[in-house]
Q: 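Supplied in structure tokens, the structure appears directly below.
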Amino acid sequence: MSEERSLHFLEEIIEADLKKGTHDGRVLTRFPPEPNGYLHIGHAKSICLNFGLAQQYGGKTNLRFDDTNPVTEETEYVESIKKDVKWLGFDWAQELYTSDYFDQLYAFAVTLIKKDLAYVDDSTAEEIAAGKGTPTVPGTPSVYRSRSIEENLQLFEEMKAGKYPDGAKVLRAKIDLAAPNMHLRDPLMYRIKHATHHRTGDAWCIYPMYDFAHGQSDAIEKITHSICTLEFIPHRALYDWFIEKLEIFPAKQYEFARLNIDYAVMSKRKLLQLVNEKFVNGWDDPRMLTISGLRRRGYTPASIRNFCDKIGVAKRENLIEMSLLEFCIREDLNKTAWRRMAVLDPIKLVITNYPDGQEELLHGENNPEVEGGDGSRSIPFSKELWIEREDFKEEAEKKYFRLAPGLSVRLKNAYIVTCTGFKTDDFGNVTEVHCEYIPESKSGNDTSGLHVKGTIHWVSVAHAKTAEVRLYDRLFQAEDPSNEDGDFKEYINPNSLQVLSKAYIEPDLATAELGRGYQFIRKGYFTLDTDTTAENLVFNRTVTLKDNWAKKA
RNA sequence: UGUCCUAUAGUAUAAAGGUAGUACAACUGGUUUUGGUCCAGUCUGUCUAGGUUCGAAUCCUGGUAGGACAACCA
């Protein structure tokens, strides 16, 4: 079956290059994060794109840390980024750092000075900004623009030598102060920062700006396709200008639309605020759309890769619905997660005609989606069970097919029971539900001939273990918090985390493994949280099951 | 009063001048020891006005709408 998959615009560009023989058919991409925060699902899109494209066309991908700003970057972030990229399932050809090129970049700058294409400017930041004009008004040259090459050379060397304090001088490209593209109005190339760099330490006190580092780094590595997001479109002219004047490898920049997901924020700056201001418990809080948060929440690498595949690649601004991400993880977990029973909001069910003290071990397959059930486990059954409070009603409405006086349900993997009554406390709250079971209806050899509409999950009171269960909802209540009036944090959902400190789980779950997905039957997919200790099991709900009943009710 | 990018169902994304398709969402129905899964089906779309053409989502022109750009951030 030959499935005609259409190409997105980047695939078309690469195939055209391959056809023309550009770079001898070589494809080398790069994923260039700044190590100033944790990776999020938006980065996953870029990672899948860069690594995926290279894999597709027999090429390679470099992991390059864009570390040109020492005040925001830390080794902790480098480590987390490497871990996340690996976890997503990708291997880089080389681990590189822009800071590896500081000497080379310095030499490039000197070259431009010698060509009279760069100059040292003593103006303040404010003066430089004012001198750039506005989009509709040309800028005016700084008085330092006409310094001699010799003077520029000397001053730049002195900047490097540490002779000047932060902000005293900058190196600027000499291009065109009237350019319609603001980025061409003599952009900054170097600034003075007496700061310790996470890798070069105090070796440098001048650092290149993004625009004077990125394209050159691509050129040094001979990157064939430098893929970035839409906001860099205006930078492309500069990217090309430096490469042209320096006469170095002609890497090309291409731009695609970044990922946005509804009811979430996606920028590192905003995520950092959520962490620093304690709206969440760290970068890996399961409510965060960081890679580490998603991992802790129970998302699998495959589900994220599949999601990135489904959202497509284009140049149009987009806002993807969270439901697509949820679909992807359900699709994956449905095929792999072991089914288990857990009661989150318990009420006691007493089987009045079941012998006191009797217990039996029932059989439950791990996953009905897998041929053969993917193995099975034993489930202890007895006279008193915990069932979900919402599975009993004193009076059943139309189409309610769970438990209510006179109604029957099947207990999953066990017997059919018929509700015979219930007990209440002094306030009228139901404290206990009574039922009778039908011995011939046992799962596996049901000879009762009965058919019931509902099946509910349960846990034997005498055998139940307990666990803390954390339920999550979207972190924001606005569809696009970043585009609402005021601060995005005003739109945080106050009920995004619900902790159930004592849920009842079937005994087998006591041996749950970290990193494995479990389906708590009828309640959703769950995974063990890293907060789990020997005394306290903690489960995160990855995602609920699709629920067509809750919507109608 | 600039330059640049973009415009297809609710949300994304295809159709390279020739049948507007796919996924998610929503809605029906069937199956089901999970109100899950699975299966079948329904709904909804080319921003606008011209032009070129036998034929336009696609090419051209003008409008409109949204977005990016004037950090010693990346």
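Chain naming here is simple, since letters A, B, ... match the order of the sequence lines and numbering starts at 1 in each.
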Q: Would you say the ring centers of A/Phe256 and A/Phe9 fall short of 6.0 Å from each other?
A: no
Q: Identify which nucleotide among B/U34, B/U6, B/G36 has an atom closest to any side-chain atom of A/Asn548, counting heavy atoms from C-beta outward.
A: B/G36
Q: What about A/Arg316, does its side chain sit under 3.5 Å from the base of B/U6 through a donor-acceptor pair?
A: no
Q: Once you apply the 3.5 Å cut-off to both distances, tell me the Watson-Crick or G-U wobble partner of B/U22, or none.
A: B/A12
Q: In the strands shown, is B/G41 matched to any nucleotide by a Watson-Crick or G-U wobble pair with both distances under 3.5 Å, and which?
A: B/C27
Q: A/Leu39 has an atom CG; how far is it from atom C1' of B/A74, in whole Å?
A: 14 Å
Q: Would you indicate what A/Glu369 reaches in the nucleic acid, counting non-hydrogen atoms under 4.0 angstrom: base, sugar-phosphate, or nothing?
A: base
Q: Would the A/Phe526 and A/Phe520 ring centres measure less than 6.0 Å apart?
A: yes
Q: For B/G62 versus B/A20, give the span between their C1' atoms, rounded off to a whole number of Å.
A: 26 Å
Q: In this structure, how many angstroms lie between the P atom of B/A74 and the OH atom of A/Tyr207, rounded?
A: 12 Å
Q: Is it the case that the side chain of A/Arg402 and the backbone of A/Val409 share a donor-acceptor pair, with hydrogens and angles ignored and the cut-off at 3.5 Å?
A: no
Q: B/C69 P sits how many Å from A/Leu177 CG, rounded?
A: 20 Å
Q: Please state how far atom OH in A/Tyr164 lies from atom C1' in B/C72, giving the value in whole angstrom units.
A: 17 Å
Q: At 4.0 Å (heavy atoms only), tell me whether A/Phe232 reaches a base, stays on the sugar-phosphate, or touches nothing.
A: base
Q: Answer with base, sugar-phosphate or nothing: what part of the nucleic acid does A/Thr544 contact at a heavy-atom distance below 4.0 Å?
A: nothing
Q: If you check the A/Asp66 side chain, which of B/A74, B/G2, B/U34 turns out closest?
A: B/A74
Q: Can you check the distance between B/A9 and B/A57, where both ends of the measurement are the C1' atom (answer in whole Å)?
A: 14 Å
Q: Salt bridge check, A/Glu388 against A/Arg522: does any charged N sit closer than 4.0 Å to a carboxylate O?
A: no
Q: Both A/Asn318 and A/Pro180 contact RNA chain B. Taking the nearest nucleotide for each, which residue is further toward the 5' end?
A: A/Pro180
Q: Counting only distance, no hydrogens or angles, is the base of B/G67 paired donor-acceptor with the side chain of A/Glu231 under 3.5 Å?
A: no
Q: Once you apply a heavy-atom cut-off of 4.0 Å, does A/Ser323 come out as touching a base, just sugar-phosphate, or nothing?
A: sugar-phosphate
Q: Would A/Phe156 and A/Tyr106 count as a close aromatic pair, with their ring centres under 6.0 Å?
A: yes
Q: If you only use heavy atoms from C-beta on, which nucleotide in B/C72, B/A70, B/U37 is closest to the side chain of A/Thr134?
A: B/A70
Q: A/Met189 CE to B/C73 P: how many Å, rounded?
A: 16 Å
Q: Check every strand shown and say whether A/Gly37 touches a base, only sugar-phosphate, or nothing at a heavy-atom separation below 4.0 Å.
A: nothing
Q: Starting at CG of A/Asp186 and ending at P of B/A71, how long is that distance when rounded to a whole Å?
A: 14 Å
Q: Under 4.0 Å, counting only non-hydrogen atoms across every strand here, what does A/Arg269 touch: a base, just sugar-phosphate, or nothing?
A: nothing
Q: Hey, what's the ring geometry for A/Trp283 with A/Tyr38, parallel, tilted or perpendicular (30° and 60° as the breaks)?
A: parallel
Q: Base, sugar-phosphate, or nothing for A/Leu319, non-hydrogen atoms under 4.0 angstrom?
A: sugar-phosphate
Q: Students often get this wrong, so: under 4.0 angstrom with heavy atoms, is A/Pro368 touching a base, only sugar-phosphate, or nothing?
A: base
Q: If the plane angle is over 60° it's perpendicular, under 30° parallel, otherwise tilted; pick one for A/Tyr518 and A/Phe539.
A: perpendicular
Q: Please confirm whether any donor atom in the side chain of A/Arg330 sits under 3.5 Å from an acceptor in the base of B/U37, or the reverse.
A: no
Q: Distance check needed: B/A74 P versus A/His214 NE2, whole Å only.
A: 12 Å
Q: Does the structure show a Watson-Crick or G-U wobble partner for B/U61, both distances under 3.5 Å? Name it, or say none.
A: B/A49
Q: Checking base pairs now: Watson-Crick or wobble, both atom distances under 3.5 Å. What partners B/C4?
A: B/G67
Q: Across the strands shown, which category fits A/Val71 at heavy-atom distances under 4.0 angstrom: base, sugar-phosphate, nothing?
A: nothing
Q: Do NZ/NE/NH1/NH2 and the carboxylate oxygens of A/Asp122 and A/Lys169 come within less than 4.0 Å?
A: yes
Q: Under 4.0 angstrom, heavy atoms only, what part of the nucleic acid is A/Glu321 near: base, sugar-phosphate, or nothing?
A: base
Q: How is A/His457 classified with respect to the nucleic acid when contacts are heavy atoms under 4.0 Å: base, sugar-phosphate, or nothing?
A: nothing
Q: Is any N or O donor-acceptor pair between the side chain of A/Arg522 and the base of B/G35 shorter than 3.5 Å?
A: no
Q: Which part of the nucleic acid, if any, lies within contact of A/Asn181, taking any heavy atom under 4.0 Å across all strands shown: a base, the sugar-phosphate backbone alone, or nothing?
A: nothing
Q: Look at the side chain of A/His183 and the base of B/A68, then say whether one donor and one acceptor between them are separated by less than 3.5 Å.
A: no
Q: Rounding to an integer number of angstrom, what distance separates B/U11 and B/A16 when you compare their C1' atoms?
A: 25 Å
Q: Please report, rounded to the nearest Å, how far the C1' atom of B/C73 is from the CZ atom of A/Phe212.
A: 18 Å
Q: Roughly how far apart, to the nearest Å, are B/U32 and B/G67 at atom C1'?
A: 48 Å
Q: Does A/Thr455 contact B/U34 through a side-chain donor or acceptor facing the base, at a distance under 3.5 Å?
A: no
Q: Counting the benzene-type ring for Trp, do A/Tyr190 and A/Tyr207 have ring centres under 6.0 Å apart?
A: no
Q: Mind checking A/Arg236 for me? I need base, sugar-phosphate or nothing, with any heavy atom below 4.0 Å counting as a touch.
A: nothing
Q: Does B/C72 have a Watson-Crick or wobble mate here (both distances under 3.5 Å), and if so which one?
A: none
Q: Expressed in whole Å, how much space separates the P atoms belonging to B/U58 and B/C72?
A: 43 Å
Q: Using a heavy-atom cut-off of under 4.0 Å over every strand shown, decide if A/Tyr190 touches base, sugar-phosphate, or nothing.
A: nothing
